Amino acid sequence: MELADRAGRGAGLRTHNLRGASALTELGSSLDDLLEDSAAPITFRRPWLEAWVAAFTDFEPWAIAVYDGPRLDGVALLGRRRRLGHTEIVPMGHGPSDAVRLPTRNKEGVEALATALVEALAALRGPWRLVVGQIPAGDSVASRVANAWPDAELGPGDGSPALALGPGDTLEDHASTGYMKHVRRGWRLLERLGDEVALTFVREADDVARLLPELGEVRRRRDAALQRGAEPDQPEFARFLQVALVALARRSEVEIAVLRVGGRCAGYAICLVDGSAFRLWQTSFDPEWRDASPGRLILAASVERVLAQGGFDQYDFMRGVYDWKMALADTIVPSGRLLAWSSGRLRAAEGAARGLRARLRRGGTG
């Protein structure tokens, strides 16, 4: 690990620049305190980020931390790697994380962290590109970085549909008559097959670990049917899944809904238990049972179960605005995305490449 230390511009503030696999360990419990105090979501807390660092080893962890005495007042948790002739810089958790933070405690921490991040970027050698997506819309640190760096921009990220839950609510309070009719039809279709139909909810760590290979096979069949790429099946993603979900299961922060037909997995939903929020992180189903809409059946059962349990005020469908989510959601939580380039030349080249790809997708060059 490389450690750099300099006086911050705010009174009493200092910044540390930590690099290497031990960066999270070096930040220690002060990081946990900051993330808790800033209400960071489960996909941007230590167990999740440690799993990402362990799995995505092509990225070098990089933490820019702001201290007020011994207290951590702000931090940018990043990863960087060489790619296509430049340094790619992303937040820790890049890829699997649906929500990212640049957490700070106060206005002074915001100013110091933004300044430290800009200065750290300016000190990098060679071309680089920074992408920090899925931050809260209007994030103060990102806004200051975008204003301070000449080749930077702050735009919208992907929205996250969500459903507010109230005491005594039922699924019928949030679902349309047509939605409920579709759910009942799906269950009838499965029952007519003559095989045993079972929906279970898995939370124990050992059971989660045993289940993951089977879920991966379901996802691959679904992706093949949709002619999707194989990105989720990269070895890094598989390693992350195994480490992160088992670690969270040991903390009672994972619940996997599994629908079986004749003993075979017809679909699943991986959910994260995050305080008073219940978050749907990943779901898929075997296309063999598509006529019964197994994904809808699992989602409806999951929401119904959460309502019956009580203690939750939000069902978060997480990143991506899709019709099947909006059928139950009552709001969309916006997000932001910070982009920055080492130079206007690199920014222009990337813009030209994006334009070319868009024209090729449209089937022309004009």
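Remember, predicted model here, so these are calculated numbers, not experimental data.
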Between [X] and [Y], does any side-chain donor sit less than 3.5 Å from a side-chain acceptor?
X	Y	value
Asp98	Thr43	no
Arg319	Ser160	no
Ser30	Asp33	no
Asp169	His174	yes
Ser342	His86	no

statement: salt bridge (charged side-chain N to carboxylate O under 4.0 Å, His left out) filter on Glu350, not counting sequence neighbours, yields Arg129, Arg354
query: Excluding sequence neighbours, so at least two apart, what forms salt bridge (charged side-chain N to carboxylate O under 4.0 Å, His left out) with Asp286?
result: Arg221, Arg264
Close side-chain approach of [X] and [Y], heavy atoms under 4.5 Å:
X	Y	value
Leu215	Gln282	no
Leu77	Leu24	yes
Tyr67	Thr15	no
Ser38	Thr104	no
Ile89	Trp62	yes
Tyr268	Arg219	yes
Leu272	Val254	yes
Phe317	Leu299	yes

- prompt: Would you call Arg220-Glu217 a salt bridge at under 4.0 Å N-O?
  reply: yes
message: Tell me whether Asp207 is salt-bridged to Arg210, with the criterion being a basic N under 4.0 Å from an acidic carboxylate O.
response: yes
Write down the atom of [X], the atom of [Y], and the distance for their closest heavy-atom approach.
X	Y	value
Ala76	Leu113	N-CD1, 3.7 Å
Asp195	Val261	CB-CG1, 4.1 Å
Pro161	Ala329	CB-CB, 3.7 Å

Could you give the distance from [atom1] ([X]) to [atom2] ([Y]), rounded to the nearest 0.5 Å?
X	Y	atom1	atom2	result
Leu27	His16	CG	NE2	10.0 Å
Arg203	Leu248	CZ	CG	11.5 Å
Trp149	Trp341	CH2	CH2	12.5 Å
Leu117	Asn17	CG	CG	10.0 Å
Arg45	Arg101	CZ	CZ	10.5 Å

task: May I ask you to check whether Trp48 and Phe240 place their ring centres under 6.0 Å from each other?
output: yes
Atom CZ of Arg185: over 12 foreign heavy atoms under 6.0 Å: no
For Phe201, all residues meeting ring pair (Phe, Tyr, Trp, His ring centres under 6.0 Å), sequence neighbours excluded: none
- prompt: Okay, side chain of Arg251, backbone of Ala247: is any donor-acceptor separation there less than 3.5 Å?
  reply: no
